[in-house]
Student: 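Have a look at the structure that comes next, please.
Starting from 1, each residue takes its place in the sequence as its number. Because only heavy atoms are used, hydrogens play no part in the values below, and waters and symmetry mates are left out as well, while side chains stay in.
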Amino acid sequence: MDDLKQVAAEVKGCKLCGLAGTRKNAVPGEGPANAQIMLIGEGPGFHEDQQGRPFVGPSGEFLNELLASAGFKRSEVFIANVVKCRPPGNRDPMPEEISACSGYLDRQIALINPQVIVTLGRYSMARWFPRDKISAIHGRARRIDGRIVVAMFHPAAALHQPALRQAIEDDFRRLKDIVAEAQKQQEEKKPSKPVAEDGGAAGGAEQLSLF
Ligand code: URA
Ligand code: SF4
């Protein structure tokens, strides 16, 4: 049976794309298998590559603060990235690297089955909202494939840009309510009642009424 340890072991030995040749450590991701929330960043930076762990540099410190402001401990969420190996010089990941690596993230999402996914930055956002602009949709809870997905700015970008920093701080503060709402909807859904479709299903993403 597939499990997160199996995924991590495969990631550590993976040579499916060119990033295998320049990494020091692959960064599979970390967190509990039963996490309600999954945060998905872009890819490891310098510190993450050194340590083999996600979000451990300055943007990781900021992420820890953001989580705390929402009332969550880092240890209760699962943190992963779109690509598991560092792009040299922190360049953007290339489309072929993202697609080579996507099976690992697919498996992590399937195994964890989180109620809420938070995308951090445009590469993870593009998986669920390929045609949207982050400035338009950040912080908004959408129901997709039976879970809630919320796009947020990338902490590394927000750290040094006051307007984005304000936005990501506001968005994280509302995460607790979004998770509570997701939980409530999950419970309401249990007695196999048809869920009301209130229009706007064209993009396959329905925005939660409360947010
Ligand atoms: N930025 C990311 O997108 N991911 C990390 O793990 C660290 C920095
Ligand atoms: Fe494999 Fe992903 Fe690392 Fe590429 S980035 S080598 S696909 S684990």
Student: Only one of I112, V149, D145 passes side chain to side chain contact (heavy atoms under 4.5 Å, CB included) with I117; say which it is.
Tutor: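 Among I112, V149, D145, the one meeting side chain to side chain contact (heavy atoms under 4.5 Å, CB included) with I117 is V149.
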
Student: Thinking salt bridges, do R86 and E48 make one under a 4.0 Å N-O criterion?
Tutor: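 A salt bridge is absent here (no side-chain N lies under 4.0 Å from a carboxylate O).
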
Student: Quick one: does any side-chain atom of N25 pair with a main-chain N or O of Q50 as donor and acceptor, under 3.5 Å?
Tutor: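 Here the side-chain-to-backbone pair exists.
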
Student: Taking the six-membered ring of Y104 as reference, does the NZ or CZ atom of K84 fall below 6.0 Å from its centre and within a 45° cone about the axis?
Tutor: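 K84 over Y104 ring: no.
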
Student: Are the charged groups of E10 and R107 less than 4.0 angstrom apart, N to O?
Tutor: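 So E10 pairs with R107 through a salt bridge.
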
Student: Atom CG in D177, atom CZ in R174: separation rounded to 0.5 Å?
Tutor: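 The CZ atom of R174 is 8.0 Å from CG of D177, to the nearest 0.5 Å.
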
Student: So, for H47 and P58, which heavy atoms are closest and what is the spacing to 0.1 Å?
Tutor: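 Looking at all heavy atoms of both residues, the shortest contact is CD2-CD, 3.8 Å.
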
Student: Looking at P32 and V77, what are the two nearest heavy atoms and their distance?
Tutor: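 Smallest heavy-atom distance, with atoms named: CD-O, 3.6 Å.
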
Student: Taking the basic N atoms (NZ, or NE/NH1/NH2) and the acidic carboxylate oxygens, is any pair closer than 4.0 Å for R173 and D170?
Tutor: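 Yes.
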
Student: Do the side chains of E76 and K73 get close enough for a salt bridge, i.e. N-O under 4.0 angstrom?
Tutor: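 No, E76 and K73 are not salt-bridged.
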
Student: Applying a strict under-4.5 Å side-chain criterion to I, L, V, M, F, W and Y, I'd like to know whether V27 and I79 cluster together.
Tutor: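 V27 does not cluster with I79.
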
Student: Is I134 reachable from V82 through a run of hydrophobic residues whose side-chain heavy atoms are each under 4.5 Å from the next?
Tutor: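 Yes, V82 and I134 fall within the same hydrophobic cluster.
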
Student: Can you name the closest pair of heavy atoms from F55 and P155 and give their distance?
Tutor: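 In this case the closest contact between F55 and P155 is CE2-CG, 4.1 Å.
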
Student: Which residue in the set T119, L105, I144 passes side chain to side chain contact (heavy atoms under 4.5 Å, CB included) when paired with R127?
Tutor: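 That would be L105; it is the only one of T119, L105, I144 passing the side chain to side chain contact (heavy atoms under 4.5 Å, CB included) with R127.
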
Student: Between D49 (side chain) and P44 (backbone), is there a donor-acceptor pair under 3.5 Å?
Tutor: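 Here the side-chain-to-backbone pair does not exist.
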
Student: Regarding R122 and D92, does a basic nitrogen lie under 4.0 Å from an acidic carboxylate oxygen?
Tutor: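 A salt bridge is present here (some side-chain N lies under 4.0 Å from a carboxylate O).
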
Student: Evaluate I148 against E181 for side-chain contact (heavy atoms from CB on, under 4.5 Å), listing each step before the verdict.
Tutor: CA-CA 9 Å; I148 304 301; E181 174 69 11; over 6 Å; no

Student: Looking at every heavy atom in both R23 and V11, which two are closest together, and how far apart are they?
Tutor: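 So the two residues come closest at NH1-O, 3.9 Å.
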
Student: Is the distance between the ring centroids of H160 and F153 under 6.0 Å?
Tutor: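 Ring centroids of F153 and H160 are no less than 6.0 Å from each other.
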
Student: Are there over 12 heavy-atom neighbours, none belonging to K133, within less than 6.0 Å of that residue's NZ?
Tutor: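 At most 12 heavy atoms, drawn from other residues, nucleotides or ligands, come within 6.0 Å of this atom.
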
Student: Report yes or no: do Q185 and R143 form a side-chain donor-acceptor pair below 3.5 Å?
Tutor: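 Yes, side-chain donor-acceptor contact under 3.5 Å.
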
Student: Just wondering, do R53 and V56 contact through their side chains at under 4.5 Å, heavy atoms?
Tutor: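 SC-SC contact between V56 and R53 confirmed.
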
Student: Do M125 and I40 sit in one hydrophobic cluster, given that two such residues count as connected whenever their side-chain heavy atoms are within less than 4.5 Å of each other, even indirectly?
Tutor: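 Yes.
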
Student: Between P28 and A80, what is the shortest heavy-atom contact and its length?
Tutor: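 Scanning both residues, the minimum pair turns out to be O-CB, 4.4 Å.
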
Student: For the residue pair R165 and F62, would you count it as a cation-pi contact if the rule is NZ or CZ under 6.0 angstrom from the ring centre and within 45 degrees of the ring axis?
Tutor: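 Here R165 passes the 6.0 Å and 45° test against F62.
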
Student: Do you reckon F72 sits in the same ILVMFWY cluster as M152, going by side-chain contacts under 4.5 Å, direct or chained?
Tutor: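 Shared cluster, yes.
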
Student: Show the nearest heavy-atom pair for residues L19 and P88, with the distance to one decimal.
Tutor: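 Reported closest heavy-atom pair: CD2-CD, 3.7 Å.
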
